[in-house]
Amino acid sequence: MRRINFTNTQVASSETARDINRGVLLNLIRRRQPISRADLARASGLQRSTVSLITEQLIREKWVVDGLQGRLPRGRRPTFLRLNDRRAVVVADLRPNVTTIAVADVNARFLSQQAITTLRNPAETVAKLVAAIKGLMKLHPELVFEGVGISLPGRANEATDRIVFAPNLGWQEFDLRSPLEEATGMRVEMGNAANACVLAEVWFGHAENVRDLVVVTVSEGIGTGIFVNHQLVRGWKGIAGEFGHVPLDPQGPQCSCGARGCWEVYGSNQAALRYYHESAAAADGLGFEDLMKLAEAGDALALRALDKMAHEIGRGMRMIVAGLAPEEIVVVGEFTRLWPRLGPVIEAEVARAVLAGQPPRVRPADDPRMARLRGTVALVLQKYFGASASDLEQDRERSQVRGKARAFRG
Ligand SMILES: [Zn+2]
């Protein structure tokens, strides 16, 4: 995603302008494919000759393919452009118990998938991960792989790329990227899972035109990805968004981060299991998926545990609503399968946090099962695609405002 730097403004060189235009066209093709060059020129506001020049380059680079698909009533047959779905990435969603690895094409269509057990030993996990990545790539000799993306249940230091904060994983500071790059020969992009889910909403979901959005991922812990003014908020050292570790009660239960009573010890999957164990003589080793199945079968105690979890998720969201006033809160997590029951519990809490006006929309992600992996595809591809569609919208808004200002002065 293009970042705007207000303190170190550069005059755009013709090369910068070309890069921006390239990103704009690539994103328009991604969103509206198949699309003709004429429609690209209309949608982007760029001249036909510029569009032709850039699309030829994209075809040479094999990002885009050109196909004869249409026929006008008379005259020339227009050709339509679409992304080259032979270009692919390998993505992995690293979670404390299980890591899911998948092959996806540039349109985030998933072609193969595999799960491995995440181990307490990071080096052993990396060895298994490398074997799984290589195995999946071998299944697809027809594809050209662009890189590897990893979504983390925590944070990596942006300068050193070492994992520095992942309390639920139980790993000490660890360099995940170097061994993966050495073993696969590809560039590895890593990002926080909640931030990846923001990218999934903005790239592939319905949030293209939303300006202020917060994604809350609920799993073994709680993560948040913050999107303000069409930009992902990274914060100092890139670790903004740890609302999950804000204590709601300093006397509360111990959290994996070392503090007590953090939001996630009340609202995570682990918390729901704890509530269930407090009320039912459940067998040890009951997992969250088991709890969901019990609830889906109508088990009253399982449902009550999930109701309490939802209530706590909503309680923590009050910090987000009061502090950031997002237009939309998107929720990612297995529990959203029971959204008709649990969604209203969360919404009622959120509504209480509103100081003025309407509460934000709270909804499950477009594809909650795949959100983390889809976002990780965007994490890898964003450096090739540059300016996003929302940047373009912003540019349009700005030029409309400038136009109005001129008319006013005029
Ligand atoms: Zn904590």
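First listed ligand is number 1; within each ligand, the first listed atom is number 1.
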(request) Evaluate the side-chain proximity of E242 to F165: yes if any heavy-atom separation is below 4.5 Å, no if none is. (result) yes

(request) Return yes if some donor-acceptor pair links the side-chain N/O of R37 with the main-chain N/O of T55 below 3.5 Å, else return no. (result) no

Please table the atom pairs, donor to acceptor, closer than 3.5 Å between any side-chain atom in residues 127-134 and protein atoms at least two apart or in another chain.
from : atom 1 : to   : atom 2 : distance (Å)
K128 : NZ     : T117 : O      : 3.4
K134 : NZ     : A183 : O      : 3.3

(message) Check this for me, if you would: do K308 and E278 make a salt bridge, where the nitrogen-to-carboxylate-oxygen distance has to be below 4.0 angstrom?
(response) no

(request) Would you tell me whether T118 and N97 have side-chain atoms, one donor and one acceptor, within less than 3.5 Å of each other? (result) no

(message) Can you count the protein N/O/S atoms lying under 2.8 Å from the Zn ion (ligand 1), leaving waters out?
(response) 4

(message) Measuring centre to centre across the rings, with the benzene-like ring taken for any Trp, is W63 within less than 6.0 Å of Y384?
(response) yes

